[in-house]
Protein chains: 2
Amino acid sequence: MENMFQGEEYLPLRDVVFKTLRKGILTGELKPGERLMEIHLANKLGVSRTPIREAIRKLELEGLVTMIPRRGAEVAQITRKSMQDVLEVRKVLDSLSVELACRRISEEEKEQLGLACEEFEQAVESGDFSAIARADVAFHDIIVEATGNMRLAQMVNNLAEQMYRYRFEYIKDVKMHGKLVQEHRQIYQGILEGDMEKAKRAIDLHIDNQEKSILEQIGMEKEKQA
Amino acid sequence: MENMFQGEEYLPLRDVVFKTLRKGILTGELKPGERLMEIHLANKLGVSRTPIREAIRKLELEGLVTMIPRRGAEVAQITRKSMQDVLEVRKVLDSLSVELACRRISEEEKEQLGLACEEFEQAVESGDFSAIARADVAFHDIIVEATGNMRLAQMVNNLAEQMYRYRFEYIKDVKMHGKLVQEHRQIYQGILEGDMEKAKRAIDLHIDNQEKSILEQIGMEKEKQA
DNA sequence: ATATTGCTTATTGTATACAAAATACATAGA
DNA sequence: TCTATGTATTTTGTATACAATAAGCAATAT
């Protein structure tokens, strides 16, 4: 007999720790350059060093922490350069996502996307920044899922993750809200109609705007590579 | 005073194990579906379970092993679908790599790339499959390095890695050798001349050919998604 | 014959113990 | 005062010990 009570999902401690630390890094609670000391974290989270270490190994591969041999882990620095690198890749992968979504999205997903689009608009109208962020993630999640390419989805999510620390500032910029809604609509319509070019143009614009905002926040000597 | 003898680089056991296991998986020594049991591996490699576990955590995030809760790790299955997913992403990232390399490659790297191109031709003439594989990796490594985008480099390498198990069969296909050399030359010339379109066309063709070969090897019902 | 139960074993998940290296700091000497 | 050195402390790297779950198997009941 199957387990009828599947409410209580089992998660190894390492995964709990992994998620906890990741969230801490992304929200800025753990600051760039801050050392992640095992015993300290173990005490704080009430577990032993083992799950802490295993979680750090994963964060390492995700690029969220930097390892220094025999010195341990620290929260990865975000530089203008590293952010540009991320954005450079994100642009083509987001473009690919939209293209594939146009070709492969199911009717059901189209509906979901429409709902997500509306929810985003409502969130924007409400002015609740946290709700806007959530709705934005949900919208983009549906698109990458609709590509049917789980590896792509994972990679895009990982890249998007790198930008979360800045995104909040971006969302706070109220005068951009209209633009945001407009872009989402364009993307949605493009995908709905299977108009790949329209959807791609919209997502490109979307990322470009985020790039401007993020780079503005970071440091901003103007260094252009032709 | 700095350490003048930096020959002996320190590598934590977890990284040694990581590389060992990865190589084992990529060469096919560890077969898809095979379980990775910690004590067994620990004995075999002469270390304790701890570094084994940490290595597995990294392999997990790289997609080379699959975790089953409370049952441990096994070598990830390669399906036609998973390989198509990888190739789908690789195409755009390789294209991006070549584009960026065209714009940013240094004179020194141009020379290196020329040498690597020649070495590849020599390897092909020699007929030494292993040497061909190495020279191929070296050639492509220079290109991704020349992008100046380390995150992109890492992602491309990870994707390329997924195809190593099949690449050997591909290289064994002697009648393709001429084509391979030709493609490499085109890529090299395109980058040298800063002719982005030429270089991109060449790399696209390059990956397409690999795709054909790999998909041929795997299973081969023809399923096309328009 | 099939299903169920209980036991044994194998294996993972977690905690702890020990060793080695890096760091910080104080102290002695120039 | 500044430098160098030795020592104590912290922290990582690795190994082992213990606990809990899952898998295999035999014996029993239906």
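Note on naming: letters A, B, ... go to the chains in the order of the sequence lines (proteins, then strands), and numbering restarts at 1 for each one. Quantities reported herein were computed from a predicted structural model and do not represent experimental measurements.
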Original post:
What does nucleotides 18-25 of chain D look like as a protein-contact string, B for base, S for sugar-phosphate only, - for none, at under 4.0 angstrom between heavy atoms?
Top reply: ---SSS--
Subject >> ring pair (Phe, Tyr, Trp, His ring centres under 6.0 Å) against A/Phe18, all qualifying residues, sequence neighbours excluded >> reply: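 Partners of A/Phe18 under the ring pair (Phe, Tyr, Trp, His ring centres under 6.0 Å) test: none.
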Original post:
Quick one: ring pair (Phe, Tyr, Trp, His ring centres under 6.0 Å) partners of A/Tyr170, sequence neighbours excluded?
Top reply: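 Checked A/Tyr170 against ring pair (Phe, Tyr, Trp, His ring centres under 6.0 Å); zero matches.
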Original post:
Should the ring pair A/Phe139 and A/His184 be called parallel, tilted or perpendicular, given that the plane angle runs from 0 to 90° and is split at 30 and 60?
Top reply: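 The arrangement is parallel - the two ring planes meet at less than 30°.
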Subject >> Residue mapping more 5' on DNA chain C - nearest nucleotide basis, B/Thr50 or B/Ile39 >> reply: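 First, find each residue's nearest nucleotide; the 5'-ward one identifies B/Ile39.
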Original post:
Which part of the nucleic acid, if any, lies within reach of A/Leu36 when heavy atoms closer than 4.0 Å are counted: base, sugar-phosphate only, or nothing?
Top reply: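 Contact class for A/Leu36: sugar-phosphate only.
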Side-chain polar contacts of residues 89-96 of chain A - donor-acceptor pairs under 3.5 angstrom, sequence neighbours left out - could you list them?
unit_1	atom_1	unit_2	atom_2	d
A/Arg90	NE	A/Asp94	OD2	2.7
A/Arg90	NH2	A/Asp94	OD2	3.0
A/Lys91	NZ	A/Glu211	OE1	2.7

Original post:
Between D/dG13 atom C1' and B/Asp15 atom CG, what is the distance in whole Å?
Top reply: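 About 11 Å, once rounded to whole Å.
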Subject >> Whole-Å distance separating the CD1 atom of A/Ile52 from the P atom of D/dT12 >> reply: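 Those two atoms, CD1 and P, are 11 Å apart.
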Original post:
Which two nucleotides bound the region of DNA chain C that has atoms under 4.0 Å from heavy atoms of chain A, read 5' to 3'?
Top reply: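 That gives a stretch of C/dG13 to C/dT23.
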**OP:** Using a strict cut-off of less than 4.0 Å between a Lys/Arg side-chain nitrogen and an Asp/Glu carboxylate oxygen, indicate whether A/Arg104 and B/Glu88 qualify as a salt bridge.
**Re:**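 B/Glu88 and A/Arg104: salt-bridged.
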Original post:
Looking at A/Glu161, A/Glu29, A/Glu60, which one forms a salt bridge (charged side-chain N to carboxylate O under 4.0 Å, His left out) with A/Arg22?
Top reply: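 Passing option: A/Glu161.
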Original post:
Would one find a side-chain N or O of A/Arg53 under 4.0 angstrom from OP1 or OP2 of D/dG13?
Top reply: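 Affirmative; the distance criterion is met.
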Subject >> Within residues 143-158 of chain B or reaching into it, pairs that qualify as salt bridge (Lys or Arg N to Asp or Glu O under 4.0 Å) - sequence neighbours excluded >> reply: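 Salt bridge (Lys or Arg N to Asp or Glu O under 4.0 Å) check on residues 143-158 of chain B returns no pairs.
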Subject >> Side-chain donor-acceptor pair present, B/Asn157, B/His140, cut-off under 3.5 Å >> reply: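 Side chains of B/Asn157 and B/His140: no pair found under 3.5 Å.
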